[in-house]
J.: 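A single structure is presented below for examination.
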Amino acid sequence: MIKHYNDYVQDMVSLMAERGLGEYGRTSRKRWYEAFGCYLSEAGLVYSDENVSKWLDEVVKPANTRQQYHVTARYMEQLREFIRTGEIQIGNLPLVKPDHDKLPPEIRGTLDEYLVSREPDYSPESMRLAKLHTANFLLRLCAEGMTRIEMLSYEMLAAVFRGRWNVTPGQRSVILSHGRQLLGFLHEKHGFRRGFFMLLEDSVFQYAYVPGLSDDAIMTELLRLSRERSVCTTEEMYPLIARFADRYSDKGYSYTIIKRVTHTLRCLYVFLDMYGLDYCPEISWEWYTLIEDRIGRNLRAWKRVQALFDSFAADREICFDKSCGIPSAQAKRMGHYPAWCTDAVGGYVDWLTRSFHRESTVRNYRYSVFSLCDYLLASGINGFGDITPQMLREYIAQDHHATLKGRSTRITIVNQFLWYVEANILGEEKKLYTVLTAGTAKSVTVPVVLTDDEVKRVYTYRAGCRTGIGLRNAAMLMLGLRLGLRASDVVSLRLEDIDWKQRRISSIQEKTKHPLVLPLSIDAGNSLYAYLSSSRPKAENNHVFIRHKAPFGRLTIRSCENAFKAALPEMADRPGVGFHTLRRTFATGILRNNAGMDAVMDALGHHDNTTAVKYLSFDDERMMECPLSLSGCSIAVEGGAL
């Protein structure tokens, strides 16, 4: 190979002599070419662009001036052009000749046409710089083998973008910017691909270009999907991106979110156009697999955009529900289970949902059932009828819950699932659900209520709220403190649940599904009105409390906890203290005002006193009115009173 390289050098020197290049120019180039040849020979390397770059950085740059380094780099670019094409333009040999004059005549004519179109926009100095930088960009394409502008391709652009520049990052950015403007002109005036100028953005190239994909087996599969599952061509897809972004704008999303959405789809568009693929969801998800290590923590956000766009491309509608479209881990897991597993798990989940369990509860139960199914499949059984008591004991013995309570919860869920399977799948009662026992008593904690001083601080926080989030927090706090609503009932409250004329709230409790009617106190009503009239976003959602950023969906109970922490930050880390503390404080206040247990039960929405009775312990004053005599315990008290 080194002899082959030396032959190229000799031919290059001969060509320079034929073209009339001066002796100094020939000698100088030959000296550096031979130095590089010695470097290859000593290191046992072959000629390549990577080895040229390594030599320039590690050998030439440290030992020479900056000017000499750039001259040598230019010499090596000329040799590269000769090795690739067997020719070198005579205009490219002088180092001081303007880049514009080095271009082939046809390409130079295209550049001049572009520059004329920009005359109304540029000052004379700006025009001079545009000519300089755009010509430099075109010369780099010529070095990749482009002799006519019609030969331009994605491969050439990618090679230029990834190639060695020998300029500062700032200069590279300026040259690429002028290159994008030229390519935009070529798209509008001569029908060149739109993706050409989009590819040269740093934020697009890293996601659209996949090295080596053209020769990969994955490409064969992508081409098959493009033929068989095509939804539309890339040119049909592009206008859909703008209309898709308009839907986000209509929903009130911020400019930043809309820009991110557009960027995601632009990257996909360039990827598809570069590799000659039509748009279809299956290809899109494969693309995410190829680039997910580059996206990092934003991967889920990108996938959500794609899931929504898939829906939009199919029927021009978008469901902004957070769970819409993204293939979940649970769905993928279920896809690997045999039918006897999926039927049982799916039926059990539906049963839980019909039994009014919360979505979060259903999700947690499902994970426990997945764990059991994974163990059973690993044990080699072919159906729930093959489960033995010993197998269940071995399964729970390898459970890795850190606490006894967690392990007990797992057992409870597994027992419930086994009961469901026997009753609805097997049709026989093997009583496997009796094999495992939780063996833990219900934990009891000491309830906490707010002191009078802490209640005053909640009101002080309410009085100081001026922002939208602050007014929302104040309204939530008043509903908890003055009406005793649970966090789940606060975030579930709807506009139609508030009767302003009758000054009352009527709703269905999330936890018990029982109806609840409460009088709307003046301070709670004022806080609600202040929030609804001045800070609640105008949205179609009829929940009282909604997000202040698009999508304007209902909140989670975490927002209530955040409101509590905002008012009483020092209580945030205390165990058993949170938004529910307001409900306990409300109930205790009723008792202290001599209203009685029936009033507490009605206000809290309880149907029996088993839960409400614990609030009696907070009525300190009346607890002191009914002391027990110590004499009944054979304890004599002398010398004073306790």
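Hydrogens, waters and symmetry mates are skipped; everything else that's a heavy atom, side chains included, is used. All residue numbers refer to positions in the sequence shown, counting from 1.
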J.: Less than 4.5 Å apart, any side-chain heavy atom of Leu223 and any of Leu277?
T.: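 Yes, at least one pair of side-chain atoms sits under 4.5 Å.
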J.: Any ion pair linking Arg140 and Asp99 (charged N to carboxylate O, less than 4.0 Å)?
T.: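 So Asp99 does not pair with Arg140 through a salt bridge.
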J.: Please confirm whether the backbone N or O of Ala245 pairs with a side-chain atom of Ser249, one donor and one acceptor, at under 3.5 Å?
T.: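 Here the side-chain-to-backbone pair does not exist.
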J.: Using 0.5 Å steps for rounding, measure from the OG atom of Ser254 to the CD1 atom of Ile257.
T.: 4.5 Å
J.: Is it true that Asp202 and Arg172 make a salt bridge, defined as a side-chain N closer than 4.0 Å to a carboxylate O?
T.: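 A salt bridge is present here (some side-chain N lies under 4.0 Å from a carboxylate O).
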J.: Any sub-3.5 Å donor-acceptor pair from Thr289's side-chain atoms to Trp285's backbone N or O?
T.: yes
J.: Thinking salt bridges, do Arg193 and Asp273 make one under a 4.0 Å N-O criterion?
T.: yes
J.: Ion pair present between Glu282 and Arg229, side-chain N to carboxylate O less than 4.0 angstrom?
T.: yes
J.: Centroid-to-centroid, Tyr238 to Tyr279, below 6.0 Å?
T.: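 Aromatic pair excluded; centres sit 6.0 Å or further apart.
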J.: Verify the distance criterion only: is there a donor paired with an acceptor across the side chains of Ser48 and Asn51 at less than 3.5 Å?
T.: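 Yes, side-chain donor-acceptor contact under 3.5 Å.
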J.: Using only atom types and a distance under 3.5 Å, with no angle test, would you say the side chain of Glu42 pairs donor to acceptor with the backbone of Tyr39?
T.: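 No: the side chain of Glu42 does not pair with the backbone of Tyr39.
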J.: For the residue pair Phe545 and Tyr531, categorise the inter-ring angle as parallel (less than 30°), tilted (30 to 60°) or perpendicular (more than 60°).
T.: parallel
J.: State whether the side chain of Tyr288 and the backbone N or O of Trp302 hold a donor-acceptor pair below 3.5 Å, judged by distance alone.
T.: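 Checked: pair present.
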J.: Would you check if the distance from the ring center of Trp287 to the ring center of Tyr207 is below 6.0 Å?
T.: no
J.: Please tell me if the side chains of Leu152 and Phe192 come closer than 4.5 Å, counting only heavy atoms from C-beta onward.
T.: yes
J.: Using the test ring-ring contact (aromatic ring centres under 6.0 Å, His included), find all partners of Tyr275 that sit at least two apart in sequence or belong to another chain.
T.: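 With neighbours one apart ignored, the set is Phe271.
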J.: Report yes if the side chains of Tyr75 and Gln78 come closer than 4.5 Å at any heavy-atom pair, otherwise no.
T.: yes
J.: Where does the angle between the aromatic ring planes of Phe312 and Phe309 fall among parallel (under 30°), tilted (30 to 60°) and perpendicular (over 60°)?
T.: tilted
J.: Can a donor-acceptor pair be found, under 3.5 Å and without considering hydrogens, that links the side chain of Thr134 to the backbone of Gly179?
T.: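 No.
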J.: How many angstroms lie between atom CG of Leu103 and atom CE of Met146, to the nearest 0.5 angstrom?
T.: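 Spacing of CG (Leu103) from CE (Met146) equals 8.0 Å.
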J.: Output yes when a side-chain donor or acceptor of Thr262 lies under 3.5 Å from a complementary backbone atom of Ile258, and no otherwise.
T.: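 Here the side-chain-to-backbone pair exists.
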J.: Are the side chain of Ser177 and the backbone N or O of Ser173 linked by a donor-acceptor pair below 3.5 Å?
T.: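 Not confirmed, Ser177 side chain does not pair with Ser173 backbone.
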J.: Verify side chain to side chain donor-acceptor pair (under 3.5 Å) between Asn136 and His178, making sure each step is shown before the conclusion.
T.: CA-CA 10 Å; Asn136 186 292; His178 283 279; over 6 Å; no
J.: In Å, rounded to the nearest 0.5 Å, how long is the span from SG of Cys142 to CZ of Arg148?
T.: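 The distance works out to 12.0 Å.
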J.: Hey, is CD on Glu540 packed in by over 12 heavy atoms from elsewhere, all under 6.0 Å?
T.: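 Open: at most 12 neighbouring heavy atoms sit under 6.0 Å from CD of Glu540.
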J.: Find the distance between OG1 (Thr110) and CZ (Arg108) and round it off to the nearest 0.5 Å.
T.: 11.0 Å
J.: Can you check salt bridge (Lys or Arg N to Asp or Glu O under 4.0 Å) on Lys54 and Glu50, steps first, answer last?
T.: CA-CA 6 Å; Lys54 185 177 180 182; Glu50 291 75 13; over 6 Å; no
J.: Taking the six-membered ring of Tyr122, is NZ or CZ of Arg118 closer than 6.0 Å to its centre and within 45° of its axis?
T.: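 Flagged: Arg118 positioned over aromatic ring of Tyr122.
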J.: Assess whether a salt bridge exists between Arg80 and Glu144, defined as any Lys/Arg side-chain N lying under 4.0 Å from an Asp/Glu carboxylate O.
T.: yes
J.: Can you measure from OH (Tyr33) to OG1 (Thr72) and round to the nearest 0.5 angstrom?
T.: 10.0 Å
J.: Can you tell whether the side chains of Arg74 and Glu77 come within less than 4.0 Å, N to carboxylate O?
T.: yes
J.: Would you please test His133 and Phe137 for ring pair (Phe, Tyr, Trp, His ring centres under 6.0 Å) and show each step?
T.: CA-CA 6 Å; His133 295 310; Phe137 173 74; over 10 Å; no
J.: Determine whether Ile175 and Trp165 satisfy the following criterion, side-chain contact (heavy atoms from CB on, under 4.5 Å), listing intermediate values before the conclusion.
T.: CA-CA 10 Å; Ile175 294 171; Trp165 282 75; 3.7 Å; yes
J.: Restricting to ring-ring contact (aromatic ring centres under 6.0 Å, His included), what partner residues turn up for Phe82, sequence neighbours left out?
T.: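 Phe82 satisfies ring-ring contact (aromatic ring centres under 6.0 Å, His included) with no residue once adjacent residues are dropped.
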J.: About how many Å separate NE2 of His548 and CG of Leu471, when rounded to the nearest 0.5 Å?
T.: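 Output value for this atom pair is 8.5 Å.
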J.: Salt bridge between Glu113 and Lys189, side-chain N to carboxylate O under 4.0 Å?
T.: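 No, this pair does not count.
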J.: Find out whether Arg472 and Arg536 are in side-chain contact, i.e. whether some heavy atom of one side chain is under 4.5 Å from a heavy atom of the other.
T.: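 The answer is no; the side chains never approach within 4.5 Å.
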J.: Using modelled atom types and a 3.5 Å cut-off, is there a donor and acceptor pairing between side-chain atoms of Arg547 and backbone atoms of Arg554?
T.: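 Absent.
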J.: Does this structure show an ion pair linking Arg84 with Asp49, if we count only N-O contacts that are shorter than 4.0 Å?
T.: yes
J.: Taking ring-ring contact (aromatic ring centres under 6.0 Å, His included) as the definition, give me every residue that meets it alongside Phe196, ordered by chain and number, with sequence neighbours left out.
T.: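 Listed in chain order: Tyr154.
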J.: Can you confirm whether Ile149 sits close enough to Leu111 that some side-chain heavy atom of one is under 4.5 Å from a side-chain heavy atom of the other?
T.: no
